[in-house]
Amino acid sequence: MEDCSFRPSTDSLDDPPNSRLFLVISKSISEDVIRENFSVFGEIQDIWMVKDKQTKESKGVSFVKFAKSSQACAAMEEMHGKCLAEGTKPIKVFMAQSRSSGSHRDVEDEELTRIFIMIPKTFTEDDLKETFKEYGDIEYCIIIKNKTTGESKGLGYVRYHKPSQAATAIENCDKTFRAILAEPRTKNSGADNDYFSNARSDHVTGDTGMSGYPFADASNYTMGDGRSSDIITRCLMVSSRASITQEQVYGLFDLIPGMDYCEMQRDPYGFSKGQAMIRYNNLGSAVYAKEKLNGFEYPPGNRLVVAYIDDGEDRSSPVGKMAMQLVAAQMMSMVWNGPSGPQLMKTSAGFSAPSVPQMPRVQTDVVLPPLKKLAPSDSWVKERLFVVFNPAPLPVDVLEDVFCRFGSLVEVYLVPGRNVGYMKYAERKNANDAMAALHGKRSLTSARGPIRAILPPNRELSDMTFSMTGHRKDDAST
DNA sequence: CGACGGGACGC
DNA sequence: CGACGGGACGC
């Protein structure tokens, strides 16, 4: 694997951290003797004895660089206090301070024996112990909990007895634990912002919008609501506070097939009014678009308002309104969602939709597996797909629809303000299956541009890249 | 007490 | 082309 004995000792950086030892030894000890005694602990990448520039005489100080921190730690533990030759003083072995630190303070075991990890919220301290005892004797395990509710914050500490045990755990435990050495607790300055970090809500995209947003209550229409704005037409008006381009509106509403018109509204002076008109060629698409996109955060944090507008062509009598809604909703439900679309069920409550095989809400030339349930939200994420959208992200529910089909999808996360996101899976195999199925295939509804995704490892680079080409419903004929 | 050298490019 | 959000302890 990583023999690389030909590699010149170029690594002047202390990489990985804590892999270089600082030795205080008798001036009479040679480099060869050091090598003999230390190479039994692992791959030595470099030995450097500090010598007087003129006399070339050893100053009794050496550095030994190992490939791994665990090797350096084991050597330190075993060799500290040993005599390397008759009549010489016992050697001292410390972890070398990182070259950039500038400090020459001894690194204490205290700083090398406690690891800090991310764990599922369901993990108990006993689970922690069971998981991490294979790397060495554990002094204690602690899970960080909310002090008032006692609920786990998904973070923990494991204190080992020896630095080599902590290093081995960091090197060998599952990467999803993100194990690192814990900063010593005594130092208050580093992480004293507990109050801020603890106040974080789970919803990154603030929920502050609903209250105080003038259009907030214009969301889903309700049955029996007699407002005159509830006429059903093929024509929609979308309003946005944040500036939004015609491209973006087009991309968003074109996700629903049947759009035949989309235009930003401008005032008489040509300034955008933050509104756009969209017309579909059928009522069902318009109903579905309003249902799905009204209140949708786009860009994240900006709640779109979508309402029907009367284009003079699709007036419906108040009497027929409800029937129209039900028919349109049911139709779209069959086409897009299968019988169990959560939002549409609200509209057609009590109405038993015909049983239709699950059809994806997206159009692909890939045969997608059937819908699968999402994994529980507190599932441990073992793999993520990194997805790039162009020009704009697809709605989360559409992405869920596609990516859940390979199983164990935990969450779709879109990076706020960027055209990228992550599909998180509880099982690596499912993520790989999604890649295998979608790699190079034309799929997904029309973001009018390619969507590409890669499988990023949690740490390592990966060359597994695939692209999904946007597919417009209305170019099926071409 | 006991702390920082050597070497150097390929698209 | 395009890349992030979590993560710190009452001694």
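In what follows, every chain begins at residue 1, and chains take the letters A, B, ... in the order their sequences are listed. Keep in mind that the numbers below use all heavy atoms, side chains included, and drop hydrogens, waters and symmetry copies.
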TODO: Kindly say if A:Arg384 contacts the phosphate of C:dC4, meaning a side-chain N or O under 4.0 Å from OP1 or OP2.
DONE: no

Open item on the list: From NZ of A:Lys27 over to C1' of B:dA3, roughly how many Å is that when rounded to an integer?
Closed with: 13 Å

Open item on the list: What's the closest nucleotide to the side chain of A:Glu183 if the choices are C:dA8, B:dC4, B:dG2?
Closed with: C:dA8

Open item on the list: Would A:Trp48 count as stacking on B:dG5 if stacking means ring centres less than 5.5 angstrom apart and planes tilted under 30 degrees?
Closed with: yes

- [ ] Answer yes or no: is there an ion pair linking A:Lys129 with A:Glu125, defined by an N-O contact shorter than 4.0 Å?
- [x] no

Open item on the list: Under 3.5 Å, is there any donor-acceptor pair linking the side chain of A:Lys92 to the base of B:dG2?
Closed with: yes

- [ ] Between B:dC4, C:dC9, C:dA8, spot the one nearest the side chain of A:Arg185, thanks.
- [x] C:dC9

Open item on the list: Taking the nucleotide of DNA chain C with the nearest heavy atom to each, does A:Ala182 or A:Glu411 sit closer to the 5' end?
Closed with: A:Glu411

- [ ] Could you tell me whether A:Asp14 and A:Arg20 make a salt bridge, using a distance below 4.0 angstrom between a side-chain N and a carboxylate O?
- [x] yes

Open item on the list: Using a distance-only criterion (donor-acceptor N/O pair, under 3.5 Å, no hydrogens), is the base of B:dG2 paired with the side chain of A:Arg105?
Closed with: no

Open item on the list: Less than 4.0 angstrom between a side-chain N/O of A:Arg418 and OP1 or OP2 of C:dA3, yes or no?
Closed with: yes

Task: First encountered from the 5' end of DNA chain C, between A:Ile142 and A:Met118 - done: A:Met118

TODO: Round to a whole Å and report the spacing from NZ of A:Lys53 to C1' of B:dG6.
DONE: 12 Å

Task: Base C:dC9 paired with A:Arg159 side chain (donor-acceptor, <3.5 Å) - done: no

TODO: Considering just the side-chain nitrogens and oxygens of A:Lys59, establish if one lies under 4.0 Å of OP1 or OP2 belonging to B:dG2.
DONE: no

Task: Nearest-Å distance for atom pair OH/P, residues A:Tyr157 and C:dC11 - done: 13 Å

Task: Near-parallel close stack of A:Phe116 and C:dA8 base (under 5.5 Å, under 30°) - done: yes

Task: Carboxylate-amine/guanidinium contact A:Lys133 A:Asp137, below 4.0 Å - done: no

Task: Presence of salt bridge, A:Arg105 and A:Glu111, under 4.0 angstrom - done: yes

TODO: For A:Asp46 and B:dC4, give me the distance from atom CG to atom C1', rounded to whole Å.
DONE: 11 Å

TODO: Please indicate yes or no: is the ring centre of A:Phe22 less than 5.5 Å from the centre of the six-membered base ring of B:dG2, with the two planes inclined by under 30 degrees?
DONE: no

Open item on the list: Using whole Å, what does the distance between atom P of nucleotide B:dG5 and atom NZ of A:Lys56 come to?
Closed with: 15 Å

Task: Residue whose closest nucleotide on DNA chain B lies nearer the 5' end, A:Met49 versus A:Val24 - done: A:Val24

Task: Partner set under side-chain contact (heavy atoms from CB on, under 4.5 Å) for A:Ala426, not counting sequence neighbours - done: A:Ala375, A:Ser379, A:Ser408, A:Val410

Open item on the list: Once ring pair (Phe, Tyr, Trp, His ring centres under 6.0 Å) is applied, do any residues pair with A:His104, and if so which ones, sequence neighbours excluded?
Closed with: none

Open item on the list: Is it the case that C:dG5 (base atoms only) and A:Lys424 (side chain only) share a donor and an acceptor within less than 3.5 Å, ignoring hydrogens and angles?
Closed with: yes

Task: Minimum-distance nucleotide (side-chain atoms of A:Leu155 versus C:dC4, C:dA8, B:dA3) - done: C:dA8

Open item on the list: Under 4.0 Å from OP1 or OP2 of C:dC4: is there any side-chain N or O of A:Tyr413 that close?
Closed with: no

Task: Interatomic distance where CG belongs to A:Asn146 and P belongs to C:dG10 [whole Å] - done: 11 Å

- [ ] Provide, to the nearest angstrom, the distance between the NZ atom belonging to A:Lys51 and the P atom belonging to B:dG5.
- [x] 13 Å

Task: Between B:dC4 (P) and A:Asp52 (CG): distance, integer Å - done: 13 Å

